[in-house]
2 protein chains.
Amino acid sequence: MNLIDREASKHDDAARAGWMYYVGGMTQDQIATALGVSRQRAQRLVSRAMVEGLIHVRLEHKIGACLGAEAALKRRYGLNEVRVAPSLGPGGDSARATASVAAELLETYLARAEPQVIAFGTGRSLSAMVAELSPVPTDRHKVVSLIGNIAPDGSASFYDVILRIADKLHVQHYPMPVPVLSETAEEREMFHALGPIQSVVALARSADVIFVGIGQMGDDAPLYKDGFVTREQLMEFQARGATGELVGCVFDEGGAYIETPLTARLGGVRIEPGRATPVIAVAAGASKVAAIRAALKGRLVNGLVTDEATAAALLLS
Amino acid sequence: MNLIDREASKHDDAARAGWMYYVGGMTQDQIATALGVSRQRAQRLVSRAMVEGLIHVRLEHKIGACLGAEAALKRRYGLNEVRVAPSLGPGGDSARATASVAAELLETYLARAEPQVIAFGTGRSLSAMVAELSPVPTDRHKVVSLIGNIAPDGSASFYDVILRIADKLHVQHYPMPVPVLSETAEEREMFHALGPIQSVVALARSADVIFVGIGQMGDDAPLYKDGFVTREQLMEFQARGATGELVGCVFDEGGAYIETPLTARLGGVRIEPGRATPVIAVAAGASKVAAIRAALKGRLVNGLVTDEATAAALLLS
DNA sequence: GCACTGAATGGGCAAATGCTCATTCACTAG
DNA sequence: CTAGTGAATGAGCATTTGCCCATTCAGTGC
């Protein structure tokens, strides 16, 4: 038996065990007996099924408090579309909490009859959202990336939100084959002068819906941790009031973009404030509150998926 | 606090606890602390969330053996669309197993851009399927019932597959407001002569997709247990070779309809063999194998959602 | 053939869970 | 006000689950 078959059958077993456990409500002992394996192995299979995302869980009930927070956020910040996921408590992973709710929202756009062009940023929140998507094939929509997919080290693997969506939904997909951050402004211009890239950029600009993450600009800002800016640059940004970041573009606490040496080297498409079409941020967590508030104030986004604790913080003050 | 609020907040708590448990992976102790209730109460909330269907679980991986069975069934019976759910073992509830898989298949039709007219029969399998549907609103489709919704005792509650779908999806819905089984053939004709009912019948006949359950005709046939036929009638049918039943219409082991005294009194729309559009049966369980095989042979249906054990039985002999 | 390495396995145990049951609580009818 | 009724509660306990760890196993390099 070759390696691929073995991997596949392992997945099969895990899926089967997970199905029996979560759908069938069987105990791990029963599963072990049914599959002819030890109880420990059954336990491992079940837990693997969950870890590998073979099992999707979704909540089919709007909790009153979340509905209230949604309404309040809409009113307070003049948003069109808000979803608030129940909080998972202090230790919880906020990306996980938002993921399934964000996936549900995305699915409402995918369910539309009119072909939609849907643009995506990157980040952990969006990755988690995609992992929670139901893989219902829909061939009429297009998905496009707002941000370059060539990482500093040349790999494209980390920035694959688009690819994984396309894989799940079998939609036409348009990654943006430019460096996330070019070495020089000239290099950036060179890429953007290419015809195919101009089409992708045009498509992204014309998107009917946009889903983005929001990055914070504290000392552990994603931009810094992922190696796009040096510690010195980050500190300079902070000194100039950098509060958050949207597909690489840094903004201050009023949500106004800050021009930086990076600006001219950044591949991809900047999201201009006050867009008429839905621009939905998927973001939650205490560290992101200031960044989210700034983006909302500056009308960089007009929709939000977050969790209860973050919503509460955004409604304070 | 009034009764409705109390019911709602109870659901809220259950949903929240279920969310924390299944999505957040918290222990019931942690949940109890977070919600400020006893551990037992947290346990009850979590289990209530599951029982009341607030939590949906879905498997995002096709198990090899199921894929194989699907292909084999397609070939053997010339079917267009087959889904096989992993078996839940001897004690498992086959309706539960098929429900989530059937819901996924239904969602692929709902995802289509062209407005679809989707017709439904009744039964436990279909009810369970609806319970598993993701409530993504889609306003372009129509759902229509193939069978009367007036039960012998005058209640309409039991036959509400259509209503619950409409409730979830906010689609236009067309129940068939005639008795499931009229007292006399004349009464049946009277109902069907009415203009509004003729439109519903016409709509049902023109359906783009049909989802039905299949009933068996053994000694505990649904038709008998639900009080539509007497024990004597059932035995007469059996003597005449009755093997299964589709929206009330009885057929023999070759899948040919049997004319009975019931035929002329049955409200709703009979499914004619060899339809070109998808006619998908959702049915599983050892007791139904003969009925399913007959329906497949007679080309009454051209699609099937079942479970592994039933698939294996259908592929035997 | 043999030693090495990392993954897989199952024993064992502490933690988590589900369930039963006696008790309490809230509400109702008299 | 009081007794009655049924649902909700939490204690206690048996079962189930998650996880650590020593051991085995399969594959690899020498």
> Starting at OH of B:Tyr22 and ending at C1' of C:dT17, how long is that distance when rounded to a whole Å?
Replying inline: 11 Å
> Does a donor on one side chain sit under 3.5 Å from an acceptor on the other, for B:His173 and B:Asp167?
Replying inline: no
Donor-acceptor contacts under 3.5 Å from residues 27-35 of chain B side chains, at least two apart:
{"residue": "B:Thr27", "atom": "OG1", "partner": "B:Asp29", "partner atom": "N", "Å": "3.4"}
{"residue": "B:Thr27", "atom": "OG1", "partner": "B:Gln30", "partner atom": "N", "Å": "3.2"}
{"residue": "B:Thr27", "atom": "OG1", "partner": "B:Gln30", "partner atom": "OE1", "Å": "3.4"}
{"residue": "B:Gln30", "atom": "OE1", "partner": "B:Thr27", "partner atom": "N", "Å": "2.8"}
{"residue": "B:Thr33", "atom": "OG1", "partner": "B:Asp29", "partner atom": "O", "Å": "3.0"}

>> Just to verify, what does B:Arg83 make a salt bridge (Lys or Arg N to Asp or Glu O under 4.0 Å) with, not counting sequence neighbours?
In response: B:Glu81
>> Please confirm whether the shortest side-chain N or O distance from A:Tyr21 to OP1 or OP2 of D:dT17 is below 4.0 Å.
In response: yes
>> Let me check the geometry of the helix from C:dG1-D:dC30 to C:dG30-D:dC1. What is the bend angle between the axes at its two ends, five pairs each, to 10°?
In response: 30°
> Which whole-number value in Å describes the distance from A:Gln28 CD to C:dG10 C1'?
Replying inline: 14 Å
Using a 3.5 Å cut-off and no angle test, enumerate the donor-acceptor pairs between side-chain atoms of residues 280-292 of chain A and protein atoms at least two apart in sequence or in another chain.
none

>> Please report the distance, rounded to the nearest Å, between CG in A:Asp29 and C1' in C:dG18.
In response: 15 Å
>> Please enumerate all residues that pass side-chain hydrogen bond (donor to acceptor under 3.5 Å, both in side chains) together with B:Ser94, with sequence neighbours excluded.
In response: none
> Mind checking what makes salt bridge (Lys or Arg N to Asp or Glu O under 4.0 Å) contact with B:Glu308, not counting sequence neighbours?
Replying inline: A:Arg16
> A:Met26 CE to D:dT17 C1': how many Å, rounded?
Replying inline: 16 Å
>> If you take any heavy atom closer than 4.0 Å to DNA chain C, which residues from residues 38-46 of chain B end up in contact?
In response: B:Arg39, B:Gln43, B:Arg44
> How long is the line joining CD of B:Gln30 and P of C:dT17, in whole Å?
Replying inline: 9 Å
> Under the salt bridge (Lys or Arg N to Asp or Glu O under 4.0 Å) test, which residues partner B:Glu60, sequence neighbours left out?
Replying inline: none
> Quick one: salt bridge (Lys or Arg N to Asp or Glu O under 4.0 Å) partners of A:Arg41, sequence neighbours excluded?
Replying inline: none
> Looking at A:Lys225 and A:Asp219, does any basic side-chain N land under 4.0 Å from a carboxylate oxygen?
Replying inline: no
>> Measure CZ/B:Arg48 against P/D:dA7 and give the value in whole Å, please.
In response: 12 Å
> In whole Å, what is the span from the CE atom of B:Met50 to the C1' atom of C:dT17?
Replying inline: 14 Å
